[in-house]
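Okay, so here's the structure we're looking at.
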There are 4 protein chains.
Amino acid sequence: MRLKDDNKKDAIFEATIQLINEVGYENVSMSKIGRKAGVSPSTIYVYFENKEDMLKKVYLESKMKFAWGMIRGIRNEDSVRQVAFQLVKNVLDYVQENESYFLFTEQFADSPLMRDLDMSEINKIFGPIYEIVERSQKEGILKQLPPELLFAFGYYPVTQFAKGKLRLDVSFSQMDIESLQQMFWDAIKV
Amino acid sequence: MRLKDDNKKDAIFEATIQLINEVGYENVSMSKIGRKAGVSPSTIYVYFENKEDMLKKVYLESKMKFAWGMIRGIRNEDSVRQVAFQLVKNVLDYVQENESYFLFTEQFADSPLMRDLDMSEINKIFGPIYEIVERSQKEGILKQLPPELLFAFGYYPVTQFAKGKLRLDVSFSQMDIESLQQMFWDAIKV
Amino acid sequence: MRLKDDNKKDAIFEATIQLINEVGYENVSMSKIGRKAGVSPSTIYVYFENKEDMLKKVYLESKMKFAWGMIRGIRNEDSVRQVAFQLVKNVLDYVQENESYFLFTEQFADSPLMRDLDMSEINKIFGPIYEIVERSQKEGILKQLPPELLFAFGYYPVTQFAKGKLRLDVSFSQMDIESLQQMFWDAIKV
Amino acid sequence: MRLKDDNKKDAIFEATIQLINEVGYENVSMSKIGRKAGVSPSTIYVYFENKEDMLKKVYLESKMKFAWGMIRGIRNEDSVRQVAFQLVKNVLDYVQENESYFLFTEQFADSPLMRDLDMSEINKIFGPIYEIVERSQKEGILKQLPPELLFAFGYYPVTQFAKGKLRLDVSFSQMDIESLQQMFWDAIKV
DNA sequence: AATGAATGAGAATTCATTCAT
DNA sequence: GATGAATGAATTCTCATTCAT
């Protein structure tokens with residue numbers, strides 16, 4: 001009996017992400033993924049129930065990776081201003097270092113396929129940040145608004161800006177980073 | 001010889017948008033679109049070169065509609081603060097009044113299909129706004145940053161927030177609107 | 001616009017029956033049927049919903065043909081003995097003249113696929129026979145048993161006997177026919 | 001080295017029959033059979049050459065079982081009338097007590113898969129019956145016809161009748177049994 | 001212009017069988 | 001002997017597009 005080979009699963013993950021970024025979801029077939037991953041298309045069905053199951057799992061893993069990237073280096077005792085600046089920096093770093101993972105998730109963000117996924121595991125990762133926000137709101141440093149609204153200004157403009165740069169194949173300047181950090185901070189601080 | 005019938009073209013546009021929102025892009029076929037539009041699938045090829053051509057045209061038209069919605073009621077003589085507030089309001093109004101058009105464009109925003117589209121016609125619509133921004137930067141009211149960066153804070157957080165609400169099928173409160181307006185303004189003003 | 005071509009439908013019917021007799025149900029694929037019928041496999045889907053739908057329709061049509069063959073030449077004023085003899089003769093004639101249709105239906109008689117088919121249309125064809133049976137039972141000529149039980153002795157031994165002969169590729173002698181008729185009659189008469 | 005395990009072989013037999021009755025031949029795969037039998041699909045290949053070989057062996061074994069069931073309790077010194085009545089009774093009893101075996105064989109009776117099987121072993125079981133028939137024909141009790149023709153009236157109407165009852169999930173009444181016995185007897189006796 | 005029939009190409013998936021342990 | 005992983009070959013079915021009218 002052969003043992004299940006984790007390399008194969010990883011190769012399928014990687015091939016899926018690369019291919020979808022290269023040719024778009026609508027042009028990705030199981031046999032193309034298999035070919036790129038170096039396995040038979042039917043082997044994919046040893047590791048996943050079907051195409052949808054596979055895509056969802058790749059998506060969740062990518063999101064999880066992103067979440068860990070976002071909170072990297074943030075400590076509970078940091079000032080909320082520091083945290084805000086760090087978040088923006090982390091997002092930009094992650095996007096740049098994990099371009100293909102990032103673009104893959106963006107392409108599925110609005111797909112009906114990814115509705116109703118259980119994101120609770122991922123959201124838990126942001127627990128510490130929520131605590132800092134709450135504390136800072138009590139201290140009167142942050143606007144008294146739902147945290148989601150505050151996050152929105154640190155996440156969406158940053159990722160969309162980054163996406164534009166990736167498409168043009170240019171990297172971010174130090175000034176870009178500082179501008180985004182400052183604007184985020186101005187948006188959420190009292 | 002009958003003339004090409006604009007009603008039919010419109011029916012095809014509308015059917016495409018509705019269908020894609022209902023069942024997702026991957027489940028939309030030319031014959032389903034034809035059926036919903038009340039025409040034969042082959043009739044679609046009288047009006048469009050092929051499926052891709054059609055989707056691109058529907059996408060561009062939707063984006064155009066959105067652009068007009070965004071600058072609605074904005075006049076050159078308005079203060080930039082007024083303009084900023086109006087933009088946020090316009091986005092939210094448009095999204096709410098044109099849900100299916102909006103969701104359709106969002107679903108394709110990151111699709112490789114829509115890469116390399118000529119958006120210059122659409123960008124022209126924002127000409128007056130660019131002028132106001134430039135003027136305000138000279139007057140020292142707005143941060144001295146690329147306009148795209150400024151816009152990013154008035155567009156992405158707002159649309160993503162709106163999308164979340166649409167998914168939950170709830171509308172925006174007056175406080176939601178004011179919060180988004182104020183945060184946008186705080187982010188871009190000096 | 002091309003018109004639907006009844007020849008194509010017939011060709012598909014015929015090809016299905018021939019193929020299933022030649023290689024068995026488990027080895028018949030839509031593409032083999034298409035090839036034999038001289039059409040593309042996808043053309044079959046213009047005429048039928050799917051494989052199951054097609055098989056059911058071919059089955060029902062074959063059964064209908066058989067039913068008409070069974071009552072051929074039987075008139076209400078015939079004596080029940082005459083009718084019984086005629087039925088046996090008709091079955092044998094039909095089987096011999098429509099070997100492929102007959103063998104096709106036999107192969108599906110016990111298939112789960114053909115459960116729950118609406119046979120009412122077909123059963124109606126036997127209405128006149130039922131009347132004769134009823135009449136004869138009142139007259140004390142036939143055994144007082146459910147008609148299905150009576151029919152069973154005129155149908156199953158005859159078809160199964162015929163099937164055996166077909167397999168050996170021999171035809172029925174006059175004596176075979178007369179024996180089956182007499183045995184049927186002895187079984188059901190009082 | 002372990003020995004081939006008859007329990008496993010039996011489990012595979014049983015699983016095959018149950019599964020085919022439950023979901024139909026077209027939906028039965030080697031791995032489903034393995035799962036139901038509690039063995040790996042590849043284990044089946046230890047006991048059988050391939051799927052076809054396995055099905056044929058299961059079929060032959062089932063037929064053998066049926067044959068033994070049919071001659072149960074019949075002794076050479078019984079009168080032929082007794083024998084005829086007993087045969088009908090035996091068939092009905094067997095069908096009722098071994099529903100899944102019986103339905104399994106019926107489903108394959110006309111399948112090309114089961115053509116060209118060597119049934120001589122099974123036919124030998126009926127030797128004693130043939131002797132009784134021959135004797136009775138000499139004594140002028142039975143019609144002077146090929147035994148197969150005589151058997152046909154004791155076997156096919158009975159099994160088909162029984163199958164109809166099984167489908168409706170009802171059992172046979174004493175009157176059903178007696179009717180079938182009497183009709184069989186009337187059909188074959190002089 | 002309009003259309004329903006027709007189809008080649010390709011999709012996801014299944015499966016009997018073999019492989020490696 | 002026993003097994004789960006692996007796969008080539010095949011299956012059903014869909015679909016964008018073209019054809020013939």
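Reminder, nothing fancy here: chain letters follow the sequence lines and each chain counts from 1.
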Could you tell me whether [X] and [Y] have a side-chain N and a carboxylate O separated by less than 4.0 Å?
X        : Y        : result
D:Lys32  : D:Glu22  : no
A:Lys56  : A:Glu52  : yes
C:Arg167 : D:Asp110 : yes

Rounded off to whole Å, could you give me the [atom1]-to-[atom2] distance for the [X] and [N] pair?
X       : N      : atom1 : atom2 : result
D:Asn50 : E:dT18 : CG    : C1'   : 13 Å
A:Ile33 : E:dG10 : CD1   : P     : 17 Å
D:Arg35 : F:dT3  : CZ    : C1'   : 14 Å
C:Tyr45 : E:dG10 : OH    : C1'   : 14 Å
B:Glu26 : F:dT14 : CD    : P     : 16 Å
B:Ile44 : E:dA1  : CD1   : C1'   : 15 Å
C:Leu55 : F:dT12 : CG    : C1'   : 12 Å
C:Glu49 : F:dT14 : CD    : P     : 10 Å

Return the nearest nucleotide to the side chain of [X]; candidates are [options].
X       : options                : result
A:Met30 : F:dC15, F:dT3, E:dA12  : E:dA12
D:Ser40 : F:dA5, E:dA11, F:dG4   : F:dG4
D:Ser42 : E:dT7, F:dT3, F:dA16   : F:dT3
A:Lys32 : E:dT14, F:dC13, E:dA11 : E:dA11

Worksheet entry | Identity of whatever pairs with E:dT14 - Watson-Crick or G-U, under 3.5 angstrom | F:dA9

Worksheet item: Which base sits across from E:dA20 as a Watson-Crick or G-U pair, both distances under 3.5 Å?
Response: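 Partner of E:dA20: F:dT3.
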
Below 4.0 angstrom from OP1 or OP2 of [N], is there any side-chain N or O of [X]?
X       : N      : answer
B:Thr43 : E:dT3  : yes
B:Tyr47 : E:dA2  : yes
D:Ser31 : E:dC15 : no
A:Lys8  : F:dA6  : yes

Worksheet item: Considering heavy-atom distances to DNA chain E, does A:Ser29 or D:Lys51 have its closest nucleotide positioned more toward the 5' end?
Response: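 Going by which nucleotide is closer to the 5' end, it is A:Ser29.
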
Item to complete: Return the 5'-most residue of the pair B:Val28, D:Pro41 with respect to DNA chain F, ranking by each residue's nearest nucleotide.
Response: D:Pro41

Item to complete: Look at the aromatic rings of D:Phe66 and D:Phe102 and report parallel, tilted or perpendicular, splitting at 30° and 60°.
Response: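 Correct class here is perpendicular.
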
Practice prompt. Answer yes or no: is there a donor N or O on one side and an acceptor on the other, between the side chain of B:Asn21 and the main chain of B:Ser100, under 3.5 Å?
Written response: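 Such a contact is found between B:Asn21 side chain and B:Ser100 backbone.
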
